[in-house]
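Since the model is a prediction, treat every value here as computed from it, not as a measurement.
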Amino acid sequence: MQHVRLKSILDNDFYKITMQNAVVKLFTNEIVKYEFINRGQHNFPDNFADELRKAVDDMANLKLTKEEKAYLRKTCPYLSLPYLDFLEGYQYDPSEVKIEQNGSDVKVSVEGYWYRTILWEVPILALISELHYEMNHFERQSNQEVIDKTVEKGKHLTDLGVSFAEFGTRRRHSYHVHNLVMEALLQDENSTFIGTSNVHFAMKFNVKPIGTHAHEWFMFHAAEFGFKMANSLALEHWIDVYRGDLGVALSDTYTTDVFFQQFDKKFSKLFDGVRHDSGDPIEFAEKTIAHYQSLGINPLFKYIIFSDGLNLEKVDEITKACRGKIGISFGIGTNLTNDVGLKPMNIVMKLIGVQAPNKEWIPTVKLSDEKGKYTGDPKMIELAKEFLRIQE
């Protein structure tokens with residue numbers, strides 16, 4: 001079996017780079033822990049942990065090239081020069097990653113300084129996904145079928161007149177399929193395809209890298225500063241670092257209702273829009289429109305990026321409900337990079353703890369707009385609901 005390997009340190013989601021830039025600036029001493037969550041309860045074959053270990057160990061050899069650094073400097077002027085120098089000297093440290101296998105169950109955790117460990121999550125998930133298909137000898141559809149299917153989706157979205165991006169790194173079938181999908185999406189020069197969350201492919205195909213921050217940004221702030229302050233301090237710190245760039249706020253870490261209570265006029269004007277990642281998308285759009293209107297802001301000057309488990313039917317439905325009321329854009333993930341005739345994996349990796357100055361671990365939690373997606377310590381989830389007065 002050929003080794004599954006990553007080809008570039010930039011083969012990662014852009015929001016990991018943008019968050020790392022902010023962490024390097026603001027939170028250099030924080031120690032955190034991440035854990036792999038096998039939501040789909042997939043069974044892993046024998047020796048899976050050994051192969052994953054090899055792939056993770058290989059990542060120590062990845063380095064930012066001069067070309068990649070020049071690309072980031074030119075394309076992302078809001079990333080600070082000291083940060084780009086740091087990234088040029090950065091190397092993955094595989095000792096931060098613990099991998100164990102017991103029968104068909106695999107456990108993966110990452111622990112260390114946040115500014116270093118923040119980059120592990122997405123490539124580890126991509127490696128787990130690729131190894132899963134390879135080691136189980138699952139046969140996917142042919143390259144041509146993948147290309148044809150992708151071209152068809154791109155045409156459908158372009159005809160619909162909506163802008164869309166590819167967000168599928170973490171649960172892609174493989175690097176090869178991801179590459180095929182990018183090539184296929186760029187075949188039509190009139191396409192409304194606007195970019196990818198993957199920085200390596202953004203550079204390779206000369207499209208825009210897309211992303212701002214993830215749930216972990218808010219989860220960390222809750223552990224560090226308390227649930228009441230989490231949203232507003234997370235947004236405030238983002239503004240301090242980016243001064244108006246990268247202006248899409250993620251809204252559902254502690255439910256959208258709580259978020260909008262804190263997303264005041266200042267934030268609503270400074271951020272270009274919000275990202276939807278859980279719960280009913282149309283209900284979310286209605287809440288967002290009402291929120292902007294209540295502050296005297298025209299929703300047509302703002303936009304929502306929808307990014308929750310999208311397929312073409314969902315995009316059609318959302319577009320019909322939102323067109324002419326608020327700006328909309330779509331980030332489509334697994335439905336693009338892992339629609340190959342096999343069942344996509346349902347796997348995530350989450351920030352699970354932040355170390356306090358006294359070395360005790362403070363558990364982190366996420367309360368999305370879907371109760372099934374709540375993650376973290378059950379006691380802490382109850383505490384968060386009580387503090388934030390979340391009624392179920």
Side-chain angles (χ1 to χ4, degrees), residues 8 10-19 39 75-76 119 121-130 146 149-150 153-154 156-158 160 162-175 177-186 191-205 207-217 246-253 272-279 281 284 303-315 318-319 327-340 344-350 368 373:
S8 162
L10 294 185
D11 188 359
N12 208 326
D13 275 342
F14 188 46
Y15 66 28
K16 286 292 181 172
I17 302 283
T18 58
M19 285 192 297
R39 271 193 192 149
T75 313
C76 316
L119 291 188
E121 173 195 346
V122 175
I124 285 176
L125 289 172
L127 287 169
I128 288 172
S129 188
E130 183 158 355
V146 172
K149 211 186 266 192
T150 308
K153 286 177 192 168
H156 180 98
L157 293 161
T158 298
L160 193 59
V162 294
S163 61
F164 69 101
E166 178 277 306
F167 277 16
T169 303
R170 64 189 56 225
R171 288 185 283 267
R172 67 190 180 195
H173 172 273
S174 56
Y175 177 90
V177 165
H178 200 163
N179 196 63
L180 286 176
V181 164
M182 287 297 297
E183 283 174 353
L185 288 171
L186 288 160
S191 172
T192 52
F193 176 61
I194 53 167
T196 171
S197 64
N198 186 294
V199 195
H200 163 68
F201 284 120
M203 177 178 168
K204 183 176 179 181
F205 291 102
V207 295
K208 189 181 175 183
I210 293 175
T212 55
H213 46 242
H215 293 108
E216 73 178 281
W217 184 249
L246 302 175
V248 177
L250 180 59
S251 55
D252 69 334
T253 311
D272 304 320
V274 291
R275 179 157 76 88
H276 169 264
D277 198 51
S278 66
F284 174 83
Y303 66 95
I304 301 170
I305 293 186
F306 293 92
S307 64
D308 178 32
L310 295 176
N311 54 33
L312 295 185
E313 293 73 38
K314 271 196 194 176
V315 172
I318 294 166
T319 304
I328 52 173
S329 185
F330 297 90
I332 302 174
T334 314
N335 189 254
L336 283 173
T337 59
N338 202 349
D339 184 8
V340 296
M345 295 191 86
N346 184 0
I347 52 174
V348 292
M349 195 159 187
K350 287 290 171 200
S368 67
K373 276 190 167 181

(message) Minimum heavy-atom separation for Val177 and Thr337, please, with both atom names.
(response) CG1-O, 3.4 Å
(message) Between Thr196 and Leu185, is there a side-chain heavy-atom distance shorter than 4.5 Å?
(response) no
(request) State whether the side chain of Ser129 and the backbone N or O of Leu125 hold a donor-acceptor pair below 3.5 Å, judged by distance alone. (result) no
(request) Find the distance between CD1 (Ile124) and CG (Asn12) and round it off to the nearest 0.5 Å. (result) 10.0 Å
(request) In sequence, state the C-alpha distance, the side-chain angles, and the governing distance for Phe284 and Asp252, and then conclude on side chain to side chain contact (heavy atoms under 4.5 Å, CB included). (result) CA-CA 10 Å; Phe284 174 83; Asp252 69 334; over 6 Å; no
(message) Going by the rule side-chain contact (heavy atoms from CB on, under 4.5 Å), which residues pair with Lys314 if we only count those two or more places apart in sequence or in a different chain?
(response) Leu310, Asn311
(request) Kindly write out the residues that satisfy side-chain contact (heavy atoms from CB on, under 4.5 Å) with Ala165, not counting sequence neighbours, or none if the list is empty. (result) Phe167, Ile194, Ile210
(message) Could you check whether any side-chain heavy atom of Ile318 comes within less than 4.5 Å of a side-chain heavy atom of Ile304, counting everything from C-beta outward?
(response) no
(message) What's the separation between atom OG in Ser8 and atom NZ in Lys204, rounded to the nearest 0.5 Å?
(response) 10.5 Å
(request) Look only at the side chain of Thr212 and the backbone of Gly247, and say whether a donor-acceptor pair between them is shorter than 3.5 Å. (result) no
(message) If I take atom CG from residue Leu312 and atom CG from residue Leu157, how far apart are they, to the nearest 0.5 angstrom?
(response) 5.5 Å
(request) Indicate the atoms forming the closest heavy-atom contact of Pro281 with Phe306, along with that distance. (result) O-CE2, 3.6 Å
(message) Could you walk me through whether Phe330 and Val162 satisfy the side chain to side chain contact (heavy atoms under 4.5 Å, CB included) test, starting with their C-alpha distance in whole Å, then the side-chain angles of each, then the deciding distance to 0.1 Å, before giving a yes or no?
(response) CA-CA 8 Å; Phe330 297 90; Val162 294; 3.8 Å; yes
(request) For the residue pair Ile17 and Leu10, establish whether any side-chain heavy-atom pair is separated by less than 4.5 Å. (result) yes
(request) Measure the shortest side-chain to side-chain distance between His173 and Val146 over non-hydrogen atoms and say whether it is less than 4.5 angstrom. (result) no
(message) Could you walk me through whether Val207 and Met182 satisfy the side chain to side chain contact (heavy atoms under 4.5 Å, CB included) test, starting with their C-alpha distance in whole Å, then the side-chain angles of each, then the deciding distance to 0.1 Å, before giving a yes or no?
(response) CA-CA 10 Å; Val207 295; Met182 287 297 297; 4.0 Å; yes
(request) Tell me, please, which residues at least two apart from His178 pass side-chain hydrogen bond (donor to acceptor under 3.5 Å, both in side chains). (result) Glu166, Arg172
(request) Compare every heavy atom of Val122 with every heavy atom of Thr169, then report the nearest pair and how far apart it is. (result) CG2-CG1, 3.6 Å
(message) Are Phe201 and Tyr175 packed together at the side-chain level, in the sense that at least one heavy-atom pair is separated by less than 4.5 angstrom?
(response) yes
(request) Please test Thr319 against Ile328 for side chain to side chain contact (heavy atoms under 4.5 Å, CB included), starting from the C-alpha separation and ending with a verdict. (result) CA-CA 8 Å; Thr319 304; Ile328 52 173; 4.0 Å; yes
(request) Before accepting this row, confirm whether a basic side-chain N of the pair Glu216/Lys16 lies closer than 4.0 Å to the acidic partner's carboxylate O. (result) yes
(message) Within the structure provided, determine whether Pro344 and Arg171 are in side-chain contact (heavy-atom separation under 4.5 Å).
(response) no
(message) Nearest 0.5 Å, please: how far is CE in Met19 from CG in Leu246?
(response) 11.5 Å
(request) Could you list the residues that satisfy side-chain contact (heavy atoms from CB on, under 4.5 Å) with Arg275, not counting sequence neighbours? (result) Tyr15, Val248, Leu250, Asp277, Ile305, Ser307
(request) Quick one: list whatever passes salt bridge (charged side-chain N to carboxylate O under 4.0 Å, His left out) with Arg170, sequence neighbours left out. (result) Asp13, Glu121
(request) Indicate yes or no: at least one non-hydrogen side-chain atom of Phe193 is less than 4.5 angstrom from one of Lys153. (result) no
(message) Can you tell me how far apart CG (Leu160) and OG1 (Thr192) are? Round to the nearest 0.5 Å.
(response) 8.0 Å
(request) Return the set of residues passing side-chain contact (heavy atoms from CB on, under 4.5 Å) with Thr75 (not counting sequence neighbours), or none when no residue passes. (result) Tyr71, Pro209
